[in-house]
Amino acid sequence: MTDAVESPGGPSVEADSVVLDAKGLRALAHPVRVQLVGLLRKYGPSTATRLAERLGVNSGTASYHLRQLGAAGFVEEDTERGNARERWWRSVHRTIWFNDPELAEREPEAALAYQQSVAATYTLRTQQALNGLQTMPRAWRNTFDMSDWALRITPEEATSLYRELADVISRYRRDVPETAASAPDGAERVAVITHILPELDAPAASPPPSRPEEADESPTS
């Protein structure tokens, strides 16, 4: 997770979070930028060269996108680490919130590009976890899970479901620098990625037959 959150209704936003406006939405409508922000949050301050190596792109590409993120206020220079030859960057926020339906309607192309970038990043992170699964300690390997459940619910129930899931997740320790030192032995970073995906092309439920024998009847010409 890039720690990007799209929430129906949107619970209260933490102090270290940012709510996307039109400028921010357009700035993040690129998968490399979403990944850069995620890497800076996960590993801490870094340089364009090191980030480029992680992403498999050239340092010029990483540097360009970092400057664009800096202009939009998502990253900033870490002047305590940088020098005349090497520029270090750090993330400004821990979480990004995108929960404005009106903004999505005003900026449909940017909203779709941003959401696609987040989805691509989630897919990449899942694949990376799978690639490392066999070398994980058994205790962590046994916690890996990919599940899906098909539900038939109303939009209101879907919103309630999201809020209930968010409440459960909020009871656990966030991975932020302030809590790392006090975490219990054996605690590691875990990404919990949730999706609520409307599948409106699924067929509606068929009405039950009026007579038991109708269920076995064959059509006649």
Side-chain angles (χ1 to χ4, degrees), residues 1-7 10 13-100 103 107 109-129 131-132 169 173-183 187-193:
M1 160 180 164
T2 52
D3 287 320
V5 181
E6 181 175 354
S7 63
V13 178
E14 299 92 337
D16 59 353
S17 301
V18 60
V19 177
L20 286 184
D21 57 13
K23 177 183 177 182
L25 182 63
R26 291 191 292 268
L28 281 176
H30 195 290
V32 170
R33 295 180 193 173
V34 172
Q35 291 176 55
L36 285 169
V37 172
L39 288 174
L40 289 172
R41 290 175 179 162
K42 182 176 180 179
Y43 297 107
S46 189
T47 65
T49 300
R50 297 181 183 185
L51 291 167
E53 291 175 352
R54 290 188 180 276
L55 291 179
V57 301
N58 63 62
S59 59
T61 297
S63 181
Y64 168 77
H65 287 297
L66 284 166
R67 290 195 302 271
Q68 298 303 306
L69 288 168
F74 293 108
V75 304
E76 63 185 6
E77 281 193 69
D78 188 344
T79 55
E80 296 180 357
R81 300 173 187 263
N83 54 48
R85 297 182 56 189
E86 196 172 46
R87 216 172 167 187
W88 284 70
W89 298 88
R90 62 187 174 196
S91 176
V92 175
H93 313 99
R94 293 300 306 174
T95 309
I96 292 171
W97 289 85
F98 178 41
N99 55 7
D100 187 343
L103 174 58
E107 300 280 349
E109 293 182 2
L112 179 59
Y114 169 67
Q115 291 164 326
Q116 289 176 331
S117 296
V118 172
T121 300
Y122 289 164
T123 300
L124 176 62
R125 293 174 69 176
T126 302
Q127 191 60 56
Q128 289 172 335
N131 291 342
I169 293 169
R173 192 178 303 102
R174 287 282 305 278
D175 181 39
V176 295
E178 294 76 18
T179 61
S182 59
E188 301 286 354
R189 178 184 172 96
V190 169
V192 178
I193 299 172

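Because the structure is predicted, anything quoted here is derived from the model rather than measured.
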For Ala72 versus Ala27, what's the shortest heavy-atom pair and its separation? CB-CB, 3.5 Å

Hey, are the side chains of Glu77 and Trp89 touching, using non-hydrogen atoms and a 4.5 Å cut-off? yes

Report the residues that fulfil side chain to side chain donor-acceptor pair (under 3.5 Å) with Glu107, sequence neighbours left out, ordered by chain and then residue number. Arg26

Flag, side chain of His93 to backbone of Thr95, donor-acceptor distance under 3.5 Å: no

Would you compute the distance between atom CG of Leu36 and atom CZ of Arg41 and round it to the nearest 0.5 angstrom? 11.5 Å

To the nearest 0.5 Å, how far apart are CH2 in Trp88 and OG1 in Thr49? 10.5 Å

How long is the straight-line distance from CG of Leu28 back to NE2 of His65, given to the nearest 0.5 Å? 11.5 Å

Val75 versus Leu40: any side-chain heavy-atom pair under 4.5 Å? yes

Using modelled atom types and a 3.5 Å cut-off, is there a donor and acceptor pairing between side-chain atoms of Arg90 and backbone atoms of Ser46? no

I want to check something: taking the side chain as every heavy atom from C-beta on, are Val92 and Phe74 in contact at a cut-off of under 4.5 Å? no

Would you say Leu103 and Phe98 make side-chain contact, with heavy atoms under 4.5 Å? yes

Could you tell me the separation between the CG atom of Leu25 and the NZ atom of Lys23, rounded to the nearest 0.5 Å? 13.0 Å

Using every non-hydrogen atom in the two residues, find where Thr121 and Pro31 come nearest and quote the distance to one decimal. OG1-O, 4.3 Å

Take Gln35 and Leu124 through the side-chain contact (heavy atoms from CB on, under 4.5 Å) test and state the conclusion after the steps. CA-CA 10 Å; Gln35 291 176 55; Leu124 176 62; 3.5 Å; yes

Distance-only criterion, 3.5 Å: show the donor-acceptor pairs between side-chain atoms of residues 50-59 and protein atoms not counting sequence neighbours.
unit_1 : atom_1 : unit_2 : atom_2 : d
Asn58  : OD1    : Gly60  : N      : 3.1
Asn58  : OD1    : Thr61  : N      : 2.7
Asn58  : OD1    : Thr61  : OG1    : 3.0
Asn58  : ND2    : Thr61  : OG1    : 3.4

So, taking the atom named OG1 in Thr79 and the one named CZ in Arg87, what distance separates them when rounded to the nearest 0.5 Å? 11.5 Å

Any side-chain heavy atom of Arg33 sitting closer than 4.5 Å to one from Tyr64? yes

What distance do Asp100 atom CG and Asp21 atom CG have between them, rounded to the nearest 0.5 Å? 9.5 Å

Please lay out, stage by stage, how Val34 and His30 fare under the test side-chain contact (heavy atoms from CB on, under 4.5 Å). CA-CA 7 Å; Val34 172; His30 195 290; over 6 Å; no

